[in-house]
Amino acid sequence: MERDWAEVFYYLCKPIRKNMNNSIIDLLEKDDFSKDDLVRLLQAEGEDKLMLFRKSAEVKEKYIGKKVWLRGLIEFSNICGKDCMYCGIRKSNKKLERYNCTDDEILTAAKYAYENRYASLALQSGELESDSFTNRIESLLHKIKEISNSELGITLSVGEQKPEVYKKWYDAGAHRYLLRIETSNPDLYSKIHPNNKKHDFRRRLDCLQSLQDIGYQVGTGVMIGLPFQTTEDLANDLIFMRDFDIDMVGMGPYIEHVDTPLIKYAGQLLPLKDRFEMTLKMIALLRIMMKDINMVASTAQQTIDPEGREKSVQIGANIIMPNITPGKYRDDYSLYANKPGSDNIYDDSVSNLEARLAMIDTEIVYGAWGDTAHYEKRRKA
Ligand code: SAM
Ligand code: SF4
């Protein structure tokens with residue numbers, strides 16, 4: 001009897017379901033989305049979500065191909081002058097052993113990337129603004145170019161700096177810069193940062209603008225699943241990235257860290273699995289909106305799901321950043337809980353990556369920077 005009712009209900013609802021699916025199909029026919037469309041698509045579940053992922057995978061295949069490019073990631077120092085309330089290496093976390101790789105260690109890692117034909121490096125660290133930091137990065141950039149016959153492309157991700165510092169590094173050979181806006185909502189930004197001059201939303205925006213003016217390929221991104229964040233915030237984040245005309249994106253789930261002030265909101269967060277799924281939807285939507293930009297499959301996705309990077313690649317991401325930081329430091333670049341460290345259960349060697357990517361019919365492009373058609377178009381324009 002119960003089953004009969006279920007069947008009747010199923011058939012009665014059929015026209016409604018058909019309409020819903022139709023409107024998702026109509027939405028996915030569009031090339032650009034309104035904020036309401038984005039909110040709707042971010043809430044997609046079941047068959048609608050699968051349709052979204054199928055569409056973004058098609059766009060990726062058409063504009064990028066079933067390929068990924070590599071950026072060897074060197075997290076060269078966890079010394080930071082800032083106190084972002086979500087980050088495990090914030091200045092006030094005294095439980096952490098601080099480290100700063102030597103130049104030799106950084107150059108050895110760079111050489112490894114060069115010899116293994118990664119073609120690009122990403123240098124990341126805590127944020128310091130000082131002459132000695134500026135000069136050190138400048139000299140490292142020259143040395144990396146020297147040991148790699150100027151062939152290694154270099155992405156920097158070392159936070160907010162003065163325009164003249166960005167220019168100095170650009171002239172020394174860095175040509176990509178990753179600075180996440182974290183959230184495009186100034187109110188939310190002020191809830192997850194201390195309220196002082198060092199953590200100013202306006203300055204973050206100004207930095208992104210000066211990076212673009214100087215000529216860098218500019219990457220930004222947001223954390224997904226932050227306390228107080230709404231689906232509307234995420235829709236606005238996508239619109240921000242489109243309107244800023246970014247060249248690259250690195251976005252990933254927010255993962256709480258026990259030694260940070262935001263841990264007090266841990267009980268209010270979406271389950272990790274939902275933050276992971278929401279991140280996939282953000283990647284898929286941005287791929288449809290910005291067809292030819294570079295999109296990173298983040299380590300935070302892999303932290304939640306061992307196949308997180310592959311799943312991100314399948315629906316839109318095209319950049320993987322294997323960690324090549326010297327092993328002895330990895331445990332101390334602990335941005336969030338369970339970030340892969342020295343006991344790395346994830347084998348980041350190229351042979352392992354190749355095998356994992358082959359399972360999703362994707363190949364690694366060696367020996368090529370993988371700069372985007374998007375950047376070329378923007379530069380010419
Ligand atoms: N200090 C530079 C900066 O802030 O731009 C670069 C290094 S910072 C560690 C790189 C990124 O880590 C940040 O932009 C932030 O999005 C991310 N991050 C920090 N804490 C995180 C957390 N708890 N969960 C997820 N991502 C986090
Ligand atoms: Fe420092 Fe970057 Fe962490 Fe903020 S996110 S505390 S700037 S390392």
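Side chains are part of it too, since the values below use all heavy atoms of this structure and drop only hydrogens, waters and symmetry mates. Order of appearance sets the numbers: ligands from 1, and atoms from 1 within every ligand.
- With 3.5 Å as the limit, one finds no donor-acceptor pair spanning the side chains of Tyr189 and His199.
- Considering backbone and side-chain atoms together, Tyr86 places an N or O closer than 3.5 Å to an N or O of ligand 1.
- Shortest contact from atom 12 (O) of ligand 1 to any protein heavy atom: Leu335 CD1, 3.6 Å.
- Side-chain N or O atoms of Arg176 include none that pairs as donor or acceptor with a backbone N or O of Ala122 at under 3.5 Å.
- Side chain of Asn185 to backbone of Asp233: no donor-acceptor contact under 3.5 angstrom is found.
- Two residues are said to be in side-chain contact when any heavy atoms from C-beta on lie closer than 4.5 Å; Lys168 and Ile137 fail this criterion.
- Classified by interplanar angle (parallel below 30°, tilted 30° to 60°, perpendicular above 60°), the ring pair Tyr265/Phe228 is perpendicular.
- No part of Cys80 comes within 4.0 Å of ligand 1, judged by heavy-atom distances.
- Residue contacts with ligand 1 for Cys84 are absent, since no atom lies close enough (heavy atoms, distance under 4.0 Å).
- By the 4.0 Å heavy-atom criterion, His257 is excluded from the residues contacting ligand 1.
- In the displayed structure, Glu164 atom CD is contacted under 6.0 Å by more than 12 heavy atoms of other residues, nucleotides or ligands.
- Nearest non-hydrogen protein atom to atom 25 (C) of ligand 1 is Pro253 O, 3.4 Å.
- With respect to atom 17 (C) of ligand 1, the closest heavy atom belonging to the protein is Arg180 NH1, 3.7 Å.
- Within the 4.0 angstrom cut-off, atom 8 (S) of ligand 2 has one or more protein heavy-atom neighbours.
- Taking 4.0 Å as the cut-off, Gly159 does not count as a neighbour of ligand 2 on heavy-atom distance.
- Taking the six-membered ring where the residue is Trp, the centroids of Tyr170 and Tyr216 are separated by under 6.0 Å.
- Of the heavy atoms in Glu256, none comes closer than 4.0 Å to ligand 1.
- With a heavy-atom cut-off of 4.0 Å, Ser157 touches ligand 1 through backbone and side chain alike.
- A donor-acceptor contact closer than 3.5 angstrom is absent between the side chains of Asp332 and Asn78.
- Short contacts between ligand 2 and Cys84, defined as distances under 4.0 Å to a heavy atom of the residue, involve ligand atoms 4 (Fe), 5 (S), 6 (S), 7 (S).
- Considering backbone and side-chain atoms together, Ser125 places an N or O closer than 3.5 Å to an N or O of ligand 1.
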Can you list the steps and then say if His193 with Tyr86 is a ring pair (Phe, Tyr, Trp, His ring centres under 6.0 Å)? CA-CA 8 Å; His193 293 95; Tyr86 42 83; 5.2 Å; yes
side-chain contact (heavy atoms from CB on, under 4.5 Å), that's the test. Do Leu107 and Tyr112 meet it? Break it down for me. CA-CA 9 Å; Leu107 293 173; Tyr112 173 86; over 6 Å; no
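- Taking every heavy atom of Gly126 and a limit of under 4.0 angstrom, the matching atoms of ligand 2 come to 8 (S).
- Counting only distance, with no hydrogens or angles, the side chain of Tyr166 and the backbone of Gln161 share a donor-acceptor pair below 3.5 Å.
- Contacts with ligand 2 closer than 4.0 Å are made by side-chain heavy atoms of Cys80 only, the backbone lying farther away.
- In this structure, atom 22 (C) of ligand 1 lies nearest to the protein heavy atom Ile255 O, 3.5 Å.
- Ligand 1 places these atoms under 4.0 Å from at least one heavy atom of Tyr333: 7 (C), 9 (C).
- If you look at Leu335 next to ligand 2, there are no close heavy atoms at all, none under 4.0 Å.
- If you look at Met223 next to ligand 1, the close heavy atoms, those under 4.0 Å, all belong to the side chain.
- In this structure, Glu232 places its CD atom where only 12 or fewer heavy-atom neighbours from other residues, nucleotides or ligands lie under 6.0 Å away.
- Tyr118 pairs with exactly one of Leu73, Ile320, Ile324 by the side-chain contact (heavy atoms from CB on, under 4.5 Å) rule, that one being Ile324.
- What sits closest to atom 4 (O) of ligand 1 on the protein, heavy atoms only, is Arg204 NH2, 3.9 Å.
- Residue contacts with ligand 1 for Glu182 involve side-chain atoms from C-beta outward but no N, CA, C or O (heavy atoms, distance under 4.0 Å).
- Summary of contacts: the protein heavy atom closest to atom 3 (Fe) of ligand 2 is Cys87 SG, 2.4 Å.
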